[in-house]
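Single-structure report; data block below.
Note that the structure is predicted; figures quoted are calculated from it, not measured. Side chains included, hydrogens not; waters and symmetry mates left out as well; all remaining heavy atoms used. In the text below, chain A, chain B and the rest are named by the order of the sequence lines, each starting its count at 1.
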Number of protein chains: 2
Amino acid sequence: MRNEGSYVALGLKTWNAQIDRADKLFAGFSSEDILREIAPGKNRLLYLWGHLTAVHDAMLPLLSLGERIHPDFDVAFVSNPDKSRADIPSHEQVRLAWNRVNAELRKGFEKMSDSDWLQKHSAVSEEDFAKDPSRNRFAILLSRTNHLSYHLGQAVLGRK
Amino acid sequence: MRNEGSYVALGLKTWNAQIDRADKLFAGFSSEDILREIAPGKNRLLYLWGHLTAVHDAMLPLLSLGERIHPDFDVAFVSNPDKSRADIPSHEQVRLAWNRVNAELRKGFEKMSDSDWLQKHSAVSEEDFAKDPSRNRFAILLSRTNHLSYHLGQAVLGRK
């Protein structure tokens with residue numbers, strides 16, 4: 001068992017805390033609510049949720065935990081802005097994908113040792129990693145946790 | 001010098017990246033802009049900035065880096081909601097305090113060794129820390145970085 005005061009345990013604890021917050025927040029929105037903009041003219045809640053799901057999905061190959069489950073989410077929620085396309089995944093599809101992707105990450109994280117987190121992530125070459133050892137998996141965990149917090153701060157504005 | 005791929009270096013790098021983002025974002029607001037609400041009926045930019053300053057100021061004693069510089073900010077930006085008091089610090093006062101507090105934190109962080117970060121923070125007793133070693137200074141760093149990201153996600157909505 002991991003020492004609960006270790007750096008990695010703290011990084012995972014912070015990640016899990018934000019995931020729990022997001023789970024609770026998004027679970028509270030009806031299919032009508034989820035189409036609400038967080039502020040006039042800004043992203044809809046569904047877009048934020050799909051965006052977070054796509055970014056978390058991309059962590060699977062980045063951390064060498066497996067293939068992406070929903071590469072199809074990128075066109076709807078990453079490479080195009082909200083309200084630019086009619087054919088985006090539904091509320092139910094995003095909910096299922098969000099749960100599945102985060103469960104897969106959780107399973108992968110459990111198998112990683114503390115030293116695994118200091119290994120290079122998959123988007124950096126051996127050569128570049130030798131020059132900059134900060135481009136490791138722990139850096140991905142911290143930056144994605146902050147990315148989640150950033151959009152959570154926005155999503156709470158969509159509550160009635 | 002700290003190994004730049006170490007957990008602590010990564011935690012500090014993530015903190016610094018968010019501080020830089022906040023510096024740039026808030027520096028771009030005029031004294032008129034800063035009184036704008038991030039969304040109708042929500043917090044004003046000045047309140048968010050003051051709130052972040054107060055929370056960072058409180059990190060000084062929490063991490064045993066010194067006394068608070070601006071305990072007076074709490075009544076305006078923490079214990080009371082925005083627009084409930086007329087006498088809050090001005091734009092210029094918040095700007096100066098934000099810069100001073102973060103500079104003081106930076107100076108303190110530079111003196112901390114990797115193992116210092118795993119020591120208990122000052123708001124937990126020796127006894128409680130023995131039971132839960134996750135209540136350490138690194139946990140404070142991670143949670144305050146996410147707190148900053150959360151409000152940054154909101155503050156960007158206040159841009160014109």
If you tally heavy-atom pairs under 4.5 Å against chain B, which of A:Thr14, A:Ile38, A:Leu118, A:Leu148 wins?
-> A:Leu118
Atom CD of A:Glu32 with >12 non-hydrogen neighbours under 6.0 angstrom = no
Options A:Lys42, A:Gln18, A:Arg135, ranked by heavy-atom pairs under 4.5 Å with chain B, top entry = A:Lys42
List in chain and number order the residues that pass side chain to side chain donor-acceptor pair (under 3.5 Å) with A:Asp132, two or more places apart in sequence or in another chain; answer none if no residue qualifies.
-> A:Ser134
Decide yes or no for A:His151 and B:Tyr150: does some side-chain heavy atom of the first lie under 4.5 Å from some side-chain heavy atom of the second?
-> no
More than 12 heavy atoms from other groups under 6.0 Å of CZ on A:Arg85 = yes
Mind checking whether A:Tyr7 and B:Phe138 have ring centres under 6.0 Å apart?
-> yes
Using non-hydrogen atoms only, which part of B:Thr145 is less than 4.5 Å away from chain A: side chain, backbone, both, or neither?
-> both
Do A:Val55 and A:Leu142 belong together in a cluster built from hydrophobic side chains that touch within less than 4.5 Å?
-> no
For A:Leu25, enumerate each residue passing the side chain to side chain contact (heavy atoms under 4.5 Å, CB included) test, keeping only those at least two apart in sequence or located in another chain.
-> A:Phe29, A:Leu152, A:Ala155, A:Val156, A:Arg159
Backbone of B:Gly153 reached by a side-chain donor or acceptor of A:Gln154 within 3.5 Å = yes
In terms of heavy-atom contacts, does CD of B:Glu127 have more than 12 from other residues, nucleotides or ligands at under 6.0 Å?
-> no
Are A:Ile19 and A:Leu65 linked, directly or through other ILVMFWY residues, by side chains that come within less than 4.5 angstrom of each other?
-> yes
Spacing of B:Asn146 atom CG and A:His147 atom NE2 [to the nearest 0.5 Å] = 12.5 Å
Side chains of B:Leu157 and A:Leu157: closer than 4.5 Å at any heavy-atom pair?
-> yes
Does any heavy atom of chain B fall under 4.5 Å from the side chain of A:Arg137, the backbone, both, or neither of them?
-> neither
